[in-house]
Amino acid sequence: MRKTILRGVERKGSTYYLNRPFPLIGHLYFGLIDRGLNIIQARITSLCNLSCRFCSVDAGQSSRRIAEFMVWDPEWFSEWVDLIVSYKEDGVDVLFDAAGDPVTNPLLPEFIRLTKRNRKVRWVILETRLHGATRQLIDELAEAGLDRINVSIDTLDAQKAAYLSGNPSYNIENVVKLVEYAFHQHGIDVHVAPVWIPGVNDHDLEEIVEWAIRNGFGRRIPPLGIQKYVVHPHGRKIQNIDEPSWEEWERFLRRLEDKYGVKLVLSMSDYGLRKSKQFKPPLRRGDETWVIIVGEGPYQHEFLGVTKDYKWALTLLSKKEVIEEGDIILARIIRDKDGILIAVPT
Ligand code: SF4
């Protein structure tokens with residue numbers, strides 16, 4: 001059963017469920033992020049059914065997080081989408097990505113349907129590994145108006161895929177079938193986004209390139225966007241594997257480009273991206289504001305907070321103070337990049 005914590009916030013276990021009127025801008029793990037481009041990031045969950053060994057956001061079962069977040073109110077969410085989109089000069093893409101996997105939110109089709117209502121939204125894109133998805137979900141996503149799936153697949157080998165995903169039930173054959181079904185049956189475009197882990201999936205990537213070309217993926221943008229394996233501060237690292245340098249990564253991609261005649265070294269314009277007016281909370285680094293503490297997380301010494309006027313979400317950092325749910329604290333903003341607010345007690 002979910003317990004009500006504050007207005008618009010309920011909690012079940014370590015997961016916070018966010019509803020109207022809790023603000024959906026200001027946090028990295030949920031809500032909307034506008035980085036000043038003609039695309040906005042939509043984060044409706046931080047949960048993940050996999051637990052990839054190289055996960056850059058430390059999601060899933062082996063995560064060290066102490067709190068997770070789930071946006072539970074599609075109508076409220078779409079009002080925030082409309083607000084940001086109204087700031088943009090022209091058409092905007094909305095990318096459902098996550099510090100987890102968006103398919104873990106069962107309301108995903110409804111979020112997409114309501115987002116598509118906005119006439120200025122050009123493409124709605126879903127970034128996912130599709131673990132746990134079904135044909136029925138693909139049908140619902142198509143009906144909701146999903147334009148593209150950016151699917152992360154690092155190998156077509158069943159055993160290796162299960163190993164890398166950290167979940168023995170991850171079934172790559174099923175995922176491949178779902179991707180082909182979405183593309184051929186529903187016309188949802190597909191962009192395949194594997195991570196190159198040197199010495200682990202070099203040959204596998206060649207098979208993935210061949211698969212993408214064979215199917216004709218990438219109607220509106222290039223079919224593949226191979227990612228560089230990067231170790232992030234909170235992320236997980238595969239033992240005994242070093243991160244490649246940017247030069248090594250580009251050399252690897254150029255070799256595949258020559259072999260397969262497909263564009264792999266991509267720029268913003270390949271994704272149809274350009275700069276666009278940015279929507280940001282008015283709070284700036286150095287400003288002081290009263291903050292209501294909702295609870296802990298996502299990591300130890302971090303707290304979910306909301307400004308006292310209930311307009312912006314934020315993360316409060318504190319190693320020293322004893323801070324409890326419901327406390328109201330005067331805090332100073334120490335970071336405001338892209339509208340993601342980090343504060344410390346004054
Ligand atoms: S890499 Fe993606 S799918 Fe894998 S655990 Fe992280 S968030 Fe989940």
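Atoms considered below: every heavy atom in the structure, side chains included; atoms not considered: hydrogens, waters and symmetry mates. Both counts, for ligands and for their atoms, begin at 1 and track the order of listing.
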Can R7 be said to sit on top of Y310's aromatic six-ring, NZ or CZ under 6.0 Å from centre and within 45° of the ring axis?
yes
So, leaving waters aside, the tally of protein N/O/S atoms less than 2.8 Å from atom 4 (Fe) of ligand 1 stands at 1
Of all protein heavy atoms, the one nearest atom 7 (S) of ligand 1 is G100 O, 3.4 Å
Residues at least two apart in sequence or cross-chain that pass side chain to side chain donor-acceptor pair (under 3.5 Å) with D139, listed by chain then number, are Y181, H186
For S276, the side chain to side chain donor-acceptor pair (under 3.5 Å) test, sequence neighbours excluded, returns E89
Given the options Y17, F77, W72, F69, F30 meets ring pair (Phe, Tyr, Trp, His ring centres under 6.0 Å) only with F69
Residue set satisfying side chain to side chain donor-acceptor pair (under 3.5 Å) with Y299, at least two apart, ordered chain then number -> D58
- prompt: Can we call the ring centroids of W249 and Y229 under 6.0 Å apart?
  reply: no
